[in-house]
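Only heavy atoms go into these numbers, but all of them, side chains included; no hydrogens, no water, no symmetry mates.
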Amino acid sequence: MGHLDHATFGWLTPVLSYVMACIGAALGLRCTVRALGSTGRSRRNWLLTAASALGTGIWTMHFVAMLGFSVSGTDIRYDVPLTILSLLVAVVVVSAGVFAVGYSRDRNRALLLGGLTTGLGVASMHYLGMAAVRLHGDVRYDPMLVGLSVLIAVVAATAALWAALNIRSPVAVTIASLVMGAAVSSMHYTGMFAVSVHVTPSGTPLTGATAMQFIFPLAVGLGSYLFLTSAFVALSPTAGEREESASAQQPVTPATR
């Protein structure tokens, strides 16, 4: 049995992964709020931004945390196509949940359906990402902890969509994002604690890329995307600000005597 270390670099990867989850959640919530206050193409674009922010935030959280994952007695590599597929799954499934909430007339039904779909998608992303791990040995899972991690993912996704529908103030969004970041991180580490590895020493080279060769550069790129998008959203005027600006620019009609 190989010894699993989930924090090879100490608190660096857990804290950094939590920060990335919070940024993705905050950006996703703010974009969804903007979408619900818009119509037509503007609503669609805000929902696409929200989905990409949530999806990439969750994925980046997972693989930043995986940078600290090691198993004694074996190296670890990552299957590149499967890892990229896990990113696409995260974005596509989160998009389905966000668009269901953004366009459905029955918000309660959309919330339940979107939360379930998104939660299962997040869990699928996690375990698809784990399936991309290559090492010398057999990876096994505790079914109870796997089930608990999926439940946490569904509850967290439903809570995120509920917050998008009901929370408007920046302070409330910040608090909701911190809670969401904790929920996503809890789902990840619950899933990781479900893992056990039976190491089989071998001299055969592992296929795939190391975390520093592939995961780290991709995570940095997606993290940069989140920060730049956050700046764009922060600088973009809200619907209320645009209306105030339009009203201020209207010429004043002189009063008739």
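- Using a 4.5 Å heavy-atom cutoff, the side chains of Tyr78 and Gln213 are not in contact.
- Side-chain atoms of Thr200 do not come within 3.5 Å of backbone N or O of Gly137 as any donor-acceptor pair.
- Heavy atoms only, all atoms of each residue included: Ala50 and Gly28 are closest at CB-O, 3.5 Å.
- One N or O on the side chain of Ser149 and one on the backbone of Val146 form a donor-acceptor pair closer than 3.5 Å.
- Under the 4.5 Å side-chain heavy-atom criterion for grouping Ile, Leu, Val, Met, Phe, Trp and Tyr, Val179 is not connected to Val33 through any hydrophobic cluster.
- The closest side-chain heavy-atom distance from Thr60 to Ile23 is not below 4.5 Å.
- Checked by atom type and distance alone, the side chain of Thr117 never pairs as donor or acceptor with a backbone atom of Gly114 at under 3.5 Å.
- Not one N or O on the side chain of Arg77 forms a donor-acceptor pair closer than 3.5 Å with the backbone of Thr210.
- Put simply, the side chain of Ser185 never gets that close to the backbone of Ala182: no donor and acceptor are under 3.5 Å apart.
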Run the numbers on Val94 and Trp59 for side chain to side chain contact (heavy atoms under 4.5 Å, CB included), then give the verdict. CA-CA 11 Å; Val94 169; Trp59 186 94; over 6 Å; no
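- Phe69 has its side chain within reach of Ile76: a pair of non-hydrogen atoms, C-beta onward, lies under 4.5 Å apart.
- Under the 30°/60° scheme for interplanar angles, the aromatic rings of Phe99 and Tyr103 are found to lie parallel.
- When side chains are defined from C-beta on, Val122 does not count as touching Val184, because their heavy atoms never get closer than 4.5 Å.
- Of all heavy-atom pairs between Ala21 and Met61, the closest is CB-CG, 3.6 Å.
- Checking side-chain atoms of His136 against main-chain N and O of Thr204 turns up a donor-acceptor pair under 3.5 Å.
- Here the side chain of Ser86 pairs a donor or acceptor atom with the backbone of Thr83 at under 3.5 angstrom.
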